[in-house]
Structure formats: structure tokens, C-alpha cells
Peer 1: 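Handing you a structure now.
Proteins get letters first, then strands, A, B, ... in listed order; numbering begins at 1 in each.
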Amino acid sequence: MNNAGFAAIFRELAGFLELKGENPFKIRAYTRAADILESLDEDVAQLAGEGQLKNIKGIGKTIEEKTQEIARSGTLKALEDLKSEYPPGVMDMTKVPGVGSRTASLIFRELGVASIDELEKAAHDGKLKTLPGMGKKSEENILKAIEKLKEEDMTRIPLVIMDELGESLIDFITSHTEVYRISVVGSVRRRKEACRDLDILVGMDDSSRIPDLVMSWGNFRGMISCEEDRVTFTAADDVEVDISIVKPEDFPFALLATTGSKQHYASLKSHGRRLGLEFGKSGLFHKNGEIIRPTSEAGIYEALGMEYIPPELREMTGEIEAALEHRLPKLLVSEDIRGDLHMHTNWSDGRESIESMVEATKALGYRYVAVTDHSRSLKIARGLSETRLFEQLEMLRQLQDRFTGIHVLSGIELEILKDGSLDYPDSILSRFDIVVASVHSAFRQPEDIMTGRIIRAIRSGSVDIIAHPTGRVLGRRFGYDVDMDAVIEEAARHDVALEINAYPERMDLDSTWARKAMERGAYIAINTDAHNSKELHFMWYGLDVARRAWLEQPHVINTWSLSKLQAWLGQRRERA
DNA sequence: GCCGTTTTCGGCCCGACTGTTTTCAGTCG
């Protein structure tokens, strides 16, 4: 089991303990342990075996023993026991905003309600308001929340989970049998930020071993259907996996077809038809009898007289026309990124020291990095008081000389307060090299108030970047009500950059908004919001969004040279 | 459950908001 696997088990345990109403500090201890295990570079299973885990701060005797039990048996009895007390749907109910573990537990205990569907029915029937501490209003809010939940489909799974499963499955298949080619396809290959299922395409001659093989894969959960050229099953995290198997010579066309999107593929076919070309399984058939057999996707696009269209762009948002006219954007690659302008250290809610985080960004080849801990109002994240803030600024100043090859920008993730005012006065803000502002409070404000609040921050003249502009968290929280068109307009006008937050559960802005921002002339920053050095790798997911948004190097401020970035930041400070 | 210690218990990052109460519990970040 990998480190993330151990972490997942402790997180699940924490979830059930919450349902049970256990001591919150005990729950926090398990959650913290999960974070620690996940971010360790060393192998957890090995450390547990050697009895080294309890030497790590935050992990004691009990958690070490539980980790050893998981390493030994693959499961945790304490968790299995808890799971048997609650039907699986009870935990689901906590996904409804406003329903926490206590309410879910109460509703289950008193009414026997054990799924979101049953919850909806109970609310409709007016049963919830009979419970202690619940009234008409709570019932209405729950109904509204469920409705919204269905509308926005919170059940989609973040790309990062799909990647882990996809890689694991491909490794497993290729290490146990001979395949010609194998690839992730579908929306995961197109890098959609949240996907419904995981599609895999295999090119091989003899597919007879595949069903038995997937059933022996560690993340296999249950078979859905099984045919000669197609195997569908559920895997860990409730992911539906769909494996298509084709002959090696059919692979390029199958790759194109299964990657989609459906509309993009259909459009390619009809374009082919206009040229007198019909799509076959492994070639293009011309009316005059000629057969073209491309051996790659690129070859197919070439035969259709267009540029190769990267999977991220295959969404029918103008890519076919652009490819025909050879004006597709030059998409960003990881080498374009020269710095990360939003990350946290143990001065606020990050896990590592400034030195450790800066070293890690340097190892990624970056030329600059901004240290942006939380500002004073965000108490839960140990936001910096003025005193600690000055201490940190002084420390950053001293550290700057110690780091060669990377420039450290002093920054802050600044709270945009309820009324749109900022968490520190201008006299303090002017001391930072960079100010990243964001909303973490009063999420339920009506749209006009929230929009005005963010716009006030943009107009302040003290803010360089608006972080995670919509506030959504995939599978957990909707974005707040905000008029993003207006925010983009103001950001462009006042030369304030909007962030693509690369945190896999945020991906905020998403690709649609990021593209609109770019088209209206607003700059973009792609930042990780990392809270430990491992999370600095999330930059990859921000790049996915940027590529889907058609962004090019000039649009993204952290692809700029340090001098260009500093000049841009300096302008605002001169105006102030 | 973990930690630290003034060493075996008491504290653990905190506060706003909401809806239910009539003084507070639950949720959220």
C-alpha cells in the first residue's frame, strides 16, 4: 500500500468517529496523522515495520500500531467495526451543505434515514422538523442544498484520483501481460478537472487475459460487465473503469474516438466526409478507393488537413477552425513555469519551514517563489498577527541572502473581509513584494454583495492577484454567488491577475472562466496554494486548466522572467 | 490521540453565522 492509501484509511476513520460524536481532538489527531503520512517522502509501510513512525511529531503509539495493522492486513479493524454500524449512505448525507456529522447521525438514529435520497424524502414529508434542534427553515435549506447538489453534480471525481488509479492500473496491466500500446482516454486524457469515469484503451492481439487480470488488481471492487473487447468494473473510490481493447493496427483511430469529446470526434468525421474521406476502424477511405492508414493520431489530423489538436482542446470551442487555419495556441508546458506565487509555510497553516519550501521550489527549477501565509483574520489557519508578520518579513529579508539561484518574494494571502476591506492597512501592505487576496468568510452573501466585495479589493490598488476567485471546492463546496463576468472585467481594467488555483480540489478558475479572462485581457497566475513541499507538484493540474483555457505564455504572469514580473508588480506600488 | 512536562493530565489553531432557542448547538472555514 502506498502512503496515500494509509492516509485514506485514517481519514475515513476520522469521518466515522465524527459521525459517532467522538472527541474532536482525537478526530483531529487522526486527520493530522493522515496529512503527515501522505506527505512523507519515505515509505510508510517500511517505517511502520521498523518502528520508526512514532518518532515523527504527530504520530504516537496508537497510530503507529494501527499503521502496522494496516501494513500487515490491508485493513483496520477499528474502521471496519465502525463501518458496520452505519449504512454507506449515512456518510453521503454529510456531503449536503448544512448537514454535518451530528445532524446526519441524528437523522439516521431517529428516523432511520440513510441516504441523500431518503433525506430528501424525509424533508419533503416534513419529518425533519420534528427532530430536536431542527425547524422549518433547516428543512427548507436541506431541500435547497440537495437540489443544488444534483444540479451541479458534486459526485464527479477530481482528476488527481483518476490519475493515481489510471497509472496504477496501467502499470499493473503492462507488468503482467504483453500489450502493444495502452493509454488513458476519455475526459481524463482531455484533462477535465472532474470526471465521471476512467476510460482505458489497450491495443493488443489476445485480450483473453484482461478480465482475470483486472480482478486481481488491488483497486478492483466489482465487475459490471465483461465482453471480449470491453471490460467495465468499479474500482476504489467508487470510480467506474471502462477498458476497451482493440487490435494494434486499430489503436490510433480508437485512441481518437475514445478520447472524444463525442462532439469533437463527430465534427472530425463530418469534416472528413467533406473531403471525401470516410473514417474506418484503422484507416481513412477515399471515394476513389484509396486507403490512408495513419499510424498515429497526429497522422489522422494531418490527413484531414489540419494541425494536431491536443486532447485538452477537443471540446468544440473553436479548435477545428483554428486547426484548419493553423492558428492553434502554443500551449503551456511545465518548463514555461518560472515560479509559484501562492504557498504556505508553518508560519500559518503550512506544514514546513520557509527554508524547506523554498528549497523544494528551487529543486523544481523555479527562478522565484512567493511566500504567502495567511493574514491575521483567518484565525483557524493561524493568520499572521502584525507582530509575527514583521518577524516573518525580517526573516525573509535575511534568508534572501542564503538562497542562491532563486528569488524569494515576500507575500501574503490577504483576507478580503466581509465588506470588501482588506485585512491590513495600506501602510503594511506596501511592505510586501506581492499581495494575493482571497475570500474565506461569509460565503453565503448574496451575489451583488459578494461581487462588490471582491471588486472593492481589486480596485484597492494594493492587490496583485485574486486567489481561487469562485471559492468552489470540488465534491465539497459550491462556489459562492459571484458575478464572475464583472470580476473579470474589473481585474482586466485594474491590471489585477486572476488565479488558476492548481489545488486538485479547487481548479479555480476553471478552464471556461480562465479562457474568458484571457480573452478580455486579464492576466492569469497559476499557483499551487501548497501547504507542504509535495503539493508544489500540483502545478501540473493548474497547467491542465491553462491548456484547456487556450492560455499562452504571455497571459500567465508566473511564466515571465523575474525582472518582467517585478516591473509589473512595481507599477502598482508606484501608483499607490 | 498526541504532546509536553511545572511528568501522567490538561490543552489542543478560533470565531462567525444560522437557526434554534431563550442561552446554545451545529456547521463551516
Peer 1: Could you pull out all residues at least two apart from A/F403 that satisfy ring-ring contact (aromatic ring centres under 6.0 Å, His included)?
Peer 2: none
Peer 1: OP1 or OP2 of B/dG19 versus the side-chain N and O atoms of A/N141: is any pair under 4.0 Å?
Peer 2: yes
Peer 1: From C-beta outward on A/R382, which listed nucleotide comes closest to its side chain: B/dG1, B/dT20, B/dC13?
Peer 2: B/dC13
Peer 1: What does B/dG26 pair with, Watson-Crick or G-U, if both distances are under 3.5 Å?
Peer 2: B/dC17
Peer 1: So does A/R28 get a side-chain nitrogen or oxygen closer than 4.0 Å to the phosphate oxygens (OP1/OP2) of B/dC12?
Peer 2: no
Peer 1: Reading DNA chain B from 5' onward, which residue's closest nucleotide shows up sooner: A/L378 or A/R444?
Peer 2: A/R444
Peer 1: Is A/I63 touching bases, backbone alone, or none of the nucleic acid, heavy atoms closer than 4.0 Å?
Peer 2: sugar-phosphate
Peer 1: Is there a donor on the side chain of A/N23 or the base of B/dG1 sitting less than 3.5 Å from an acceptor on the other?
Peer 2: yes
Peer 1: Expressed in angstrom and rounded to an integer, what is the separation of A/L131 atom CG from B/dG19 atom P?
Peer 2: 17 Å
Peer 1: Describe the nucleic acid contact of A/F25 in one word from base, sugar-phosphate, nothing, applying a heavy-atom distance below 4.0 Å.
Peer 2: base
Peer 1: Can you check the A/I107 CD1 to B/dT27 C1' distance for me, whole Å?
Peer 2: 13 Å
Peer 1: Regarding A/I27, tell me which of base, sugar-phosphate or nothing describes its non-hydrogen contacts under 4.0 Å with the strands shown.
Peer 2: nothing
Peer 1: Please list each protein N or O that sits under 3.5 Å from an N or O in nucleotides 6-11 of chain B, with the distance.
Peer 2:
none

Peer 1: Please determine whether a side-chain nitrogen or oxygen atom of A/K418 lies at a distance below 4.0 Å from atom OP1 or OP2 of B/dC17.
Peer 2: yes
Peer 1: Assign A/K136 to base, sugar-phosphate, or nothing according to its heavy-atom contacts below 4.0 angstrom with the strands shown.
Peer 2: sugar-phosphate
Peer 1: Can you identify which nucleotide, out of B/dG26, B/dG19, B/dG1, has its nearest atom closest to the A/S138 side chain?
Peer 2: B/dG19
